[in-house]
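I have placed the structure first, in the form of structure tokens, so that the comments after it can refer back to it.
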Amino acid sequence: MATQHDHHKVMQETVARLAAGENLTSMCHMRWRGEPIPSQQAVAELINTCRALIFPGFFGDSDVNRINILYHTGIAAERLYWLLCDQIAAGLALATDCDGELDINALTERAEALADKFIAKLPSLREALEADVHATYLGDPAAISTEEVIYCYPAVKAITNYRIAHALVELDVPVIPRMIAEQAHSETGIDIHPAATIGRSFTIDHGTGVVIGATARIGDNVKLYQGVTLGAKSFDLDSDGNPIKGIPRHPIIGNNVVIYSNATILGRITIGDNAVIGGNLWVTFDVAPGEKVVQAKADNVLRFKQ
């Protein structure tokens, strides 16, 4: 059994090693120069505040009603602004080269301007999400009401996070959009990269295991079922054998497409308007508009016009 003296020695030596700068080479932004760093807890509060503003009463304070909504909205919007200022500034600082000069005042001013631009997007975000909720309700015979969809469907939470994160991507905010997306991934099992482009009236039925890659493009009125992957088939490599970033490598999905459970759609292929992809398929080829692709007996794939 270790003595009390041994315990103190172990603690002192371990703490010193953990705090040593040479052990933090992959974490250069550690407030060495007073810069802010992102906070998982603050990003979670940011998400919850956005949800409360977009769906008042469903998220956040349940006492919101038509009489006091202006008051509650003002309080939440002001809180969101300061959360955005802090976290956007932290994201901008994190994206700055570790050896570069960091102007905290200029960074803060930029973050404040971006926070205002994001808040101005909230009405259009609500409009887009209402269309998603309505599409989810219409597409699920088990749904009793749009209110039930907002309260109970994990896809609504995941798509809400996606639309929030994508709005920040459009403002060139680094790091924070991905944190928002990953919190939805942890919460719902749905993984939507914030850089993906998704049209109106988007719905995911059940949702667990859905993966949508960064360069995927999805049209309007698209429905995915659980386990669908819109992924990359392969990666172009640089001279050092590392994947080249930024190259479009995920599928393009047209309007009014349905993709059933556990289908895997890979590469920069196009699934045409009004196409249907059956479940448990591996698709690496273009699918024409109106075409249906299903699994046949003996593992053959049938393709035919609807």
Side-chain angles (χ1 to χ4, degrees), residues 38-60 76-77 79-81 83-84 86-88 90-91 114-115 117-137 146 148-218 222-230 250:
S39 162
Q40 297 283 2
Q41 292 79 11
V43 169
E45 185 181 354
L46 188 158
I47 293 164
N48 290 333
T49 306
C50 281
R51 288 176 178 176
L53 284 164
I54 293 167
F55 298 113
F58 292 87
F59 298 97
R79 177 57 183 158
L80 176 62
Y81 171 76
L83 286 166
L84 285 165
D86 290 345
Q87 295 311 301
I88 291 174
L114 291 172
K117 289 181 179 180
F118 175 83
I119 286 176
K121 289 175 174 278
L122 285 172
S124 60
L125 283 175
R126 177 188 283 174
E127 182 181 353
L129 284 160
E130 284 184 339
D132 298 329
V133 168
H134 189 62
T136 301
Y137 168 69
T146 54
E148 181 193 42
V149 168
I150 297 169
Y151 273 125
C152 303
Y153 282 48
V156 170
K157 293 181 179 179
I159 296 169
T160 298
N161 278 37
Y162 158 75
R163 297 211 183 274
I164 293 166
H166 187 71
L168 290 169
V169 167
E170 291 177 325
L171 295 173
D172 293 324
V173 174
V175 183
I176 306 305
R178 192 63 188 272
M179 292 175 69
I180 291 170
E182 288 306 317
Q183 291 205 12
H185 186 191
S186 298
E187 185 179 10
T188 67
I190 298 170
D191 184 3
I192 308 175
H193 196 287
T197 302
I198 301 177
R200 293 179 63 83
S201 300
F202 178 58
T203 181
I204 305 174
D205 201 346
H206 303 294
T208 305
V210 166
V211 177
I212 300 174
T215 64
R217 289 168 48 194
I218 299 174
V222 170
K223 183 175 186 178
L224 310 181
Y225 284 79
Q226 69 272 17
V228 167
T229 296
L230 305 181
H250 299 102

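Quick note: residue numbers are just sequence positions, from 1.
For the pair His166 (side chain) and Ala196 (backbone), a donor-acceptor distance under 3.5 Å is present. Judged purely by atom type and a 3.5 angstrom limit, Gln226 has no side-chain atom pairing as donor or acceptor with the backbone of Gly209. Under the 3.5 Å distance criterion, the side-chain polar atoms of Ser186 are left unmatched by any main-chain donor or acceptor of Gln183. Of the possible polar contacts, none joining the His185 side chain to the Ile190 backbone as a donor-acceptor pair under 3.5 Å is found. Not one N or O on the side chain of Arg178 forms a donor-acceptor pair closer than 3.5 Å with the backbone of Ala195.
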Report task. May I have the step-by-step check of side-chain contact (heavy atoms from CB on, under 4.5 Å) for Leu46 and Leu80, ending in yes or no? Result -> CA-CA 6 Å; Leu46 188 158; Leu80 176 62; 3.9 Å; yes
Query raised in the report: So Arg217 and His250, side-chain contact (heavy atoms from CB on, under 4.5 Å) or not? Walk me through it.
Result: CA-CA 8 Å; Arg217 289 168 48 194; His250 299 102; over 6 Å; no
Report task. Determine, step by step, whether Ile198 and Ile159 satisfy the side-chain contact (heavy atoms from CB on, under 4.5 Å) criterion, reporting the C-alpha distance in whole Å, the side-chain angles of both residues, the deciding distance to 0.1 Å, and the verdict. Result -> CA-CA 10 Å; Ile198 301 177; Ile159 296 169; over 6 Å; no
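The OG1 atom of Thr49 sits 15.5 Å away from atom OH of Tyr81, with the distance rounded to the nearest 0.5 Å. The CD1 atom of Ile54 sits 11.0 Å away from the CD1 atom of Ile150 when rounded to the nearest 0.5 Å. Atom CD of Glu148 and atom OG1 of Thr136 lie 11.5 Å apart (nearest 0.5 Å). How far OH of Tyr153 is from OG1 of Thr203: 9.0 Å, rounded to the nearest 0.5 Å. One distance of note links CG of Asn161 with SG of Cys50; it measures 9.0 Å at 0.5 Å rounding. Rounding to the nearest 0.5 angstrom, the gap separating the CD atom in Glu45 from the CG atom in Asn48 is 8.0 Å.
Residues Leu171 and Ile88 fail the side-chain proximity criterion, which asks for heavy atoms closer than 4.5 Å. Contact check for Asp132 versus Val156: no side-chain heavy atoms found under the 4.5 Å cut-off. Within the 4.5 Å cutoff, the side chain of Gln87 has heavy atoms near those of the Ser39 side chain. Using a 4.5 Å heavy-atom cutoff, the side chains of Leu230 and Ile218 are in contact.
Atom NZ of Lys117 has 12 or fewer heavy atoms from other residues, nucleotides or ligands within 6.0 Å.
What you find for Pro177 and Leu168 is that their closest heavy atoms are CG-CB, 3.7 Å. What you find for Gly91 and Pro174 is that their closest heavy atoms are O-CG, 3.3 Å. Between Gly199 and Arg163, the closest heavy-atom pair is O-NH2, 2.7 Å. Of all heavy-atom pairs between Leu84 and Ala115, the closest is CB-CB, 3.7 Å. The shortest non-hydrogen separation linking Ser201 to Ala135 is O-CB, 3.7 Å. Minimum heavy-atom separation, Pro38 to Val175: CG-CG1, 4.3 Å.
Ring planes of Phe55 and Phe59: tilted class, angle from 30 to 60°.
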